[in-house]
Structures are given as structure tokens and as C-alpha cells.
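These values consider heavy atoms only, across backbone and side chains, with no hydrogens, waters or symmetry-generated copies.
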Amino acid sequence: MKTTAVSTNNPCTPNPGTFRRLTDAERQASVEAFMRSLQPHQDLWVFGYGSLVWRPNFHYLERRSALLKGYHRSLCLWSRINRGTPERPGLVFGLDNGGSCRGMIYRVGSNDIPETLDELWKREMPSAAYIPRHLPCQTPHGQTPALVFVVDRKKDGYVRNLNHAQLVDIIHNAHGTYGPCIEYVLETAQALTDHGIHDARLNALVRQLRNDAADPTQT
């Protein structure tokens, strides 16, 4: 595998000193704010488009394929905990404006919602890089509203102006508390394929990543 270092002086990389985790109180307040938007005693659907497709890590009653319109899957979020560090951030998928995204939705029973949201916020919202929204998803059983984590373009976690070579290099080198960034990208691509979801851009990236791993002399 490639071992080329990613420069922390890259002008596209956010300043490590600006990174801040949410406090427990801030995270809990965000969870409670979202819960106030829900109808009492109703189940909640959660939309997964990245790691939630292959590792939801919460109890659900039902799973369906789903299409979210208005947003597309993109490696548009710096990961400074799960798949990178503040000094050498990795990249994870976010939902960016425009297009559409195929993924999966999971039905969480009403009694399990508080615990599930608490765990989801710890995983997805350590730094408030996403905006949690309740958005309509198209499914084989009709339109279904679901919790969707949309990238916050106003935060410095939003990825701007990366060229293709920089993107590939970062994926090869970044590593966080959940493991290597490349593992995350490959696992997501495989899970989407297993569920019959075709993402041409991601598949092309994966082919290059695997070729690079097989031939470390490639740049």
C-alpha cells in the first residue's frame, strides 16, 4: 500500500487548531432538538448511504432500499476522529447538494428511538459536521420520511477544492479510531454493490485505489 505522506500544509486541509468536538451537553441538546420534531409513539426511519449501509450498529425492525432526491453521496467531509486525525484528516461520505442518492432506510421502534439517536449522534455528530433533517425518501412501498444526515457546508469540515490526486492520496494515508480511511471507502463500495446500488463515480475510485495498492509505484 502507498505510504506517501499527506502534507498538513495543504491549503485545502482545515487548520487542526480549529477542530472542536461537541460537549456531551451540546450533543444531547442536538438530540433533544431533533426528537421534538418527531410525532410521539411513532417509529423512526433512518437513511443510510455510507457506513450505515454495512454497519448500522443499532437495532431495527425493517430495512428498505430508498432513493433520496436533492442530495448526492460524496466524499465531501473531513474525518478528524473516525477515519483520520485533526493533523491528518481522512475523508468520509456526506450528502451534498444536488442530484440524488440511493441507500437504505431502517425502521427503529418508537421505544428504541432515544437510545438509537444517542448512539447515532455519538457516531455521526462528534463535531456537528452534519445537519440532521427529516426528509422524504422514495421506497418500493411509497414515500417514507427518514432521518437524514446532510453535510453542513458552512463548517470547516466540508471539503473544498480537492483535486483527484489529493483525494486518492488522502484516502490511502489517513487513519482514525475506526481504522484506515481506505477500508471505509472499500467497505462502503462493496456494501452498495451487495445491495444492488450502482455508484459509477465511487466504483471508478475504488478501481484506482485497488490498482494503487497492487502497484505501489503508481502515483
Side-chain angles (χ1 to χ4, degrees), residues 14 18-83 92-159 176-178 184 188:
T18 66
F19 179 69
R20 188 180 76 85
R21 292 174 181 254
L22 289 180
T23 66
D24 290 344
E26 288 171 330
R27 189 179 65 248
Q28 184 59 35
S30 178
V31 172
E32 292 173 358
F34 180 78
M35 287 191 65
R36 287 194 292 270
S37 71
L38 304 178
Q39 295 295 320
H41 311 300
Q42 288 192 3
D43 296 347
L44 172 68
W45 290 88
V46 178
F47 181 72
Y49 56 91
S51 64
L52 289 179
V53 176
W54 51 274
R55 189 170 59 86
N57 276 10
F58 57 82
H59 177 69
Y60 58 89
L61 303 175
E62 184 182 353
R63 181 178 65 188
R64 298 177 184 174
S65 60
L67 174 67
L68 175 68
K69 295 183 178 180
Y71 299 91
H72 65 281
R73 180 174 30 248
S74 174
L75 286 165
C76 62
L77 184 64
W78 293 111
S79 179
R80 293 170 281 186
I81 299 175
N82 295 344
R83 298 291 174 172
V92 291
F93 291 103
L95 289 171
D96 206 354
N97 294 348
S100 62
C101 179
R102 292 194 176 276
M104 308 297 296
I105 57 172
Y106 304 86
R107 181 164 65 90
V108 177
S110 59
N111 292 336
D112 294 328
I113 289 175
E115 179 181 356
T116 300
L117 291 186
D118 183 59
E119 292 303 314
L120 276 174
W121 255 248
K122 289 177 182 177
R123 171 176 171 172
E124 304 293 334
M125 295 280 286
S127 63
Y130 292 114
I131 303 172
R133 292 179 175 168
H134 216 207
L135 298 176
C137 297
Q138 306 299 321
T139 81
H141 301 279
Q143 183 170 287
T144 304
L147 164 59
V148 177
F149 290 99
V150 176
V151 69
D152 189 343
R153 284 171 152 241
K154 297 179 180 179
K155 300 290 179 60
D156 72 347
Y158 180 63
V159 175
T177 58
Y178 284 3
Y184 164 84
T188 299

Inset, instruction - Apply side-chain contact (heavy atoms from CB on, under 4.5 Å) to Leu120 and Leu147, showing your working. - result: CA-CA 11 Å; Leu120 276 174; Leu147 164 59; 4.2 Å; yes
Inset, instruction - Mark yes when over 12 heavy atoms from residues, nucleotides or ligands other than His141 sit less than 6.0 Å from its NE2; otherwise mark no. - result: yes
Inset, instruction - Scan for salt bridge (charged side-chain N to carboxylate O under 4.0 Å, His left out) pairs involving residues 29-43, sequence neighbours excluded, and state none if there are none. - result: Asp43-Arg107
Legend entry - Atom pair SG/CD of Cys137 and Gln143 - distance to nearest 0.5 Å: 8.5 Å
Legend entry - Set of salt bridge (Lys or Arg N to Asp or Glu O under 4.0 Å) partners for Arg64, sequence neighbours left out: Glu62
Inset, instruction - To the nearest 0.5 Å, tell me how far Arg73 CZ sits from Asp96 CG. - result: 13.0 Å
Inset, instruction - Name all residues meeting the side chain to side chain donor-acceptor pair (under 3.5 Å) criterion together with Trp45; count only those two or more places apart in sequence or in a different chain, and write none if there are none. - result: none
Taking distance alone, no hydrogens or angles, what donor-acceptor pairs closer than 3.5 Å link side-chain atoms of residues 75-83 to residues at least two apart or in another chain?
{"from": "Ser79", "atom 1": "OG", "to": "Arg83", "atom 2": "N", "distance (Å)": "2.8"}
{"from": "Arg80", "atom 1": "NH1", "to": "Asp156", "atom 2": "OD2", "distance (Å)": "3.4"}
{"from": "Arg80", "atom 1": "NH2", "to": "Asp156", "atom 2": "OD1", "distance (Å)": "3.0"}
{"from": "Asn82", "atom 1": "ND2", "to": "Arg123", "atom 2": "O", "distance (Å)": "3.3"}
{"from": "Arg83", "atom 1": "NH1", "to": "Tyr178", "atom 2": "O", "distance (Å)": "3.2"}
{"from": "Arg83", "atom 1": "NH1", "to": "Pro180", "atom 2": "O", "distance (Å)": "2.9"}
{"from": "Arg83", "atom 1": "NH1", "to": "Glu183", "atom 2": "OE1", "distance (Å)": "3.0"}

Legend entry - Any residue meeting ring pair (Phe, Tyr, Trp, His ring centres under 6.0 Å) with Trp121, in chain and number order, not counting sequence neighbours: Phe34, Phe149
Inset, instruction - Can you measure from CE (Met104) to CZ (Phe47) and round to the nearest 0.5 angstrom? - result: 9.5 Å
Legend entry - ring pair (Phe, Tyr, Trp, His ring centres under 6.0 Å) partners for Tyr158, two or more places apart: none
Legend entry - Partner set under salt bridge (Lys or Arg N to Asp or Glu O under 4.0 Å) for Arg63, not counting sequence neighbours: none
Legend entry - All side chain to side chain donor-acceptor pair (under 3.5 Å) counterparts of Arg102, not counting sequence neighbours: none
Distance-only criterion, 3.5 Å: show the donor-acceptor pairs between side-chain atoms of residues 109-119 and protein atoms not counting sequence neighbours.
{"from": "Thr116", "atom 1": "OG1", "to": "Asp112", "atom 2": "O", "distance (Å)": "2.8"}
{"from": "Asp118", "atom 1": "OD2", "to": "Lys122", "atom 2": "NZ", "distance (Å)": "3.4"}

Legend entry - Minimum heavy-atom distance Ser51-Glu124, with the two atoms named: OG-OE2, 4.4 Å
Inset, instruction - Compare every heavy atom of Gly94 with every heavy atom of Tyr49, then report the nearest pair and how far apart it is. - result: OH-CA, 3.6 Å
Legend entry - Gap separating the CZ atom of Arg20 from the NZ atom of Lys155, nearest 0.5 angstrom: 9.0 Å
Inset, instruction - Take Thr188 and Val92 through the side-chain contact (heavy atoms from CB on, under 4.5 Å) test and state the conclusion after the steps. - result: CA-CA 10 Å; Thr188 299; Val92 291; over 6 Å; no
Inset, instruction - Verify the neighbour count for atom CZ of Arg153: are there more than 12 heavy atoms of other residues, nucleotides or ligands below 6.0 Å? - result: yes
Inset, instruction - First locate atom CG of Leu68, then atom CD1 of Ile105, and finally report the distance between them rounded to the nearest 0.5 Å. - result: 10.5 Å
Inset, instruction - Using side chain to side chain donor-acceptor pair (under 3.5 Å) as the criterion, list what pairs up with Gln42, not counting sequence neighbours. - result: none
N/O donor to acceptor pairs below 3.5 angstrom from side-chain atoms of residues 125-135, sequence neighbours left out:
{"from": "Tyr130", "atom 1": "OH", "to": "Phe93", "atom 2": "O", "distance (Å)": "2.8"}
{"from": "Arg133", "atom 1": "NH1", "to": "Tyr71", "atom 2": "OH", "distance (Å)": "2.7"}

Inset, instruction - Looking only at non-hydrogen atoms, find the nearest pair between Lys69 and Ser100 and report the distance. - result: CA-CB, 4.1 Å
Legend entry - Set of residues satisfying side chain to side chain donor-acceptor pair (under 3.5 Å) with respect to Thr23, sequence neighbours excluded: Glu26
